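These notes concern the structure reproduced below.
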Amino acid sequence: MAENANKLTDRIHYILPYLPGVLTIVIALPVWFAAGPILGILAGVLGMGCTLTCHRILVRVREISDQKACLDAQLIQSQKLAAIGELSSGIAHEINNPLAIIGQEVQWIRHIVDKAAIGSEHHAELDESVTEIGKQVKRCAEITHKLLDFARKRDPLIQGCDVNRLIEDMVRLVERETAQKNIAIVRNYHEGLPELYTDHPLLRQVILNLLNNATYAIDKDGTITVKTLRKGQDALEILITDTGCGITSENIRKVFNPFFTTKPPGKGTGLGLSLCHSIIHKLGGDIRVESEPGKGATFIIRLPMNYAEGENLI
Amino acid sequence: MENFRVLIVDDELDFLETILIRLQRRNVDAVGVSSGKMAIEMIEREHFDVAILDVRMPGIDGFETLREIKKRRPFMEVIMLTGHGSVESGIQGMQMGAFDYVLKPVKIDDLLDRVRKAFERKAIHEKKSGR
């Protein structure tokens with residue numbers, strides 16, 4: 001019932017703005033008969049003009065509210081990422097100390113085991129078990145270190161940059177590994193791009209991460225396309241496309257979340273893309289992904305071109 | 001004379017020698033050492049703006065040297081130079097705060113360009129921090 005009522009009010013809201021214009025058109029005919037053709041035509045034209053303008057305004061309003069919804073979603077996404085990032089670095093920090101103590105105790109246990117249990121039938125088993133604990137502690141420590149790296153606030157330092165050259169450097173590095181897997185890299189650089197003012201190492205990190213992911217998604221036999229292009233006066237885009245496995249529609253919303261990974265356990269921490277996301281936002285741009293499962297994915301970075309050297313972005 | 005000082009760290013002495021001579025010929029004030037340990041001692045004693053570090057060195061390797069340099073001289077910029085670059089180690093280097101990650105062989109003018117950019121970054125960094 002409530003839903004129906006809602007639909008009805010929606011429809012009324014939709015029709016209502018057109019009413020004055022339409023009414024004026026309707027009364028044009030009686031006006032024609034009552035007051036002559038000039039006023040009649042005038043009323044008709046007025047009515048049509050009114051309806052048309054009203055229609056245009058409504059279309060524009062709908063466009064704007066769509067845009068707003070999209071921006072709201074983006075804002076929520078980046079706030080969510082920031083919150084998760086903060087939370088996880090907090091946890092990493094807290095876990096680091098107990099982890100270090102466990103590590104030290106493991107060494108101590110090993111010392112005692114070697115002294116007390118040598119020759120005993122359980123020595124080998126104990127030794128193996130202690131080694132395994134040490135290994136797992138080390139693994140945890142690696143994860144917490146990565147997390148702390150991830151959350152470290154590194155303010156961007158802005159300086160002039162030849163984007164194509166910066167990308168090409170990273171492509172060449174990746175090419176050493178892709179060549180062995182029969183993955184071709186196609187360059188499609190926009191020649192004569194003006195200098196981009198950005199943070200070099202941060203951008204390098206993003207490009208390298210994306211190229212690395214593309215390589216992983218293809219596994220072997222495929223193509224990575226790297227493209228740069230200008231977007232209007234004050235932005236440029238970097239597109240990295242792979243012919244890999246693609247991302248399912250269910251996963252595509254989650255790819256920038258920290259800890260989200262489709263790699264087998266121990267292979268990836270799921271921090272790469274979320275790091276890219278936070279870096280690009282720090283650089284005043286945005287990053288998005290388009291993908292058709294089975295056909296590959298494209299990551300699109302948009303960066304602003306209107307910053308000056310040394311300027312603070314945030 | 002260029003207005004920055006460069007420290008080059010590489011355990012391959014031939015390479016170190018060549019790069020030093022070429023930089024000095026281009027009026028760069030450059031000093032070379034052959035291990036991570038010596039590099040750390042060097043930056044404690046003298047002032048440098050940019051370090052060029054070989055990734056693979058016996059003893060204290062490039063990454064560890066990078067970490068120690070950043071701890072002691074946070075404004076100093078570091079360029080990693082490697083003959084056996086991998087994506088993984090590239091990502092690691094950038095994450096640990098290296099300015100650039102360059103594959104050997106590299107043309108000396110190209111390297112010098114990168115050193116200039118690194119020095120520019122250092123200057124911007126110092127200015128921003130009010131130094």
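Bear in mind the structure is a predicted one, so any value in this text is a computation, not a measurement. Hydrogens, waters and symmetry mates are skipped; everything else that's a heavy atom, side chains included, is used. To find a chain, count down the sequence lines: A is the first, B the second, and so on, and within it residues start at 1.
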### Message
A quick test of your reading: do over 12 heavy atoms of other residues, nucleotides or ligands sit less than 6.0 Å from CZ of A/Arg230?
### Response
yes
### Message
Tell me whether A/Asp221 at atom CG has more than 12 heavy atoms from other residues, nucleotides or ligands lying less than 6.0 Å away.
### Response
yes
### Message
Looking at B/Lys37, I want to see if its NZ is surrounded by more than 12 non-hydrogen atoms of other residues, nucleotides or ligands under 6.0 Å.
### Response
no
### Query
Nearest 0.5 Å, what's the CD-CG distance between B/Gln95 and A/Leu202?
10.5 Å
### Message
Assess the residue pair B/Glu120 and A/Leu157 against the criterion (side chain to side chain contact (heavy atoms under 4.5 Å, CB included)); give the C-alpha distance rounded to whole Å, side-chain angles, the decisive distance to 0.1 Å, and a yes or no.
### Response
CA-CA 10 Å; B/Glu120 182 187 274; A/Leu157 289 170; over 6 Å; no
### Flag side-chain contact, heavy atom, 4.5 Å: B/Met94 against A/Leu203
no
### Query
With no hydrogens and no angle check, is any side-chain donor or acceptor of A/Glu177 less than 3.5 Å from a backbone partner on B/Val87?
yes
### Query
Would the number of heavy atoms belonging to other residues, nucleotides or ligands and lying under 6.0 Å from CZ of B/Arg5 be above 12?
yes
### Query
Which residue out of B/Ala98, B/Ser86, B/Gly93 racks up the most heavy-atom pairs below 4.5 Å with chain A?
B/Ser86
#### Entry: More than 12 heavy atoms from other groups under 6.0 Å of CD on B/Glu17
no
### Message
Assess the residue pair A/Leu173 and B/Leu103 against the criterion (side chain to side chain contact (heavy atoms under 4.5 Å, CB included)); give the C-alpha distance rounded to whole Å, side-chain angles, the decisive distance to 0.1 Å, and a yes or no.
### Response
CA-CA 7 Å; A/Leu173 178 58; B/Leu103 296 171; 3.7 Å; yes
#### Entry: Part of B/Asp113 lying under 4.5 Å from any heavy atom of chain A
side chain
### Test side chain to side chain contact (heavy atoms under 4.5 Å, CB included) applied to B/Ile91 and A/Leu275, A/Leu211, A/Leu208, the passing residue
A/Leu208
### Message
For A/Lys181, is the NZ atom crowded, meaning more than 12 foreign heavy atoms sit under 6.0 Å from it?
### Response
yes
### Query
Of the non-hydrogen atoms in A/His200 and B/Arg121, which two are nearest, and what is the gap between them?
N-NH1, 4.5 Å
### Message
Check this for me: does any side-chain nitrogen of one of B/Lys117 and A/Asp162 sit under 4.0 Å from a carboxylate oxygen of the other?
### Response
no
### Message
Surrounding CD of B/Glu88 (heavy atoms of other residues, nucleotides or ligands, distance under 6.0 Å), is the total greater than 12?
### Response
no
### Query
Under 3.5 Å, side chain of A/Arg204 to main-chain N/O of B/Tyr101, donor-acceptor pair present?
no
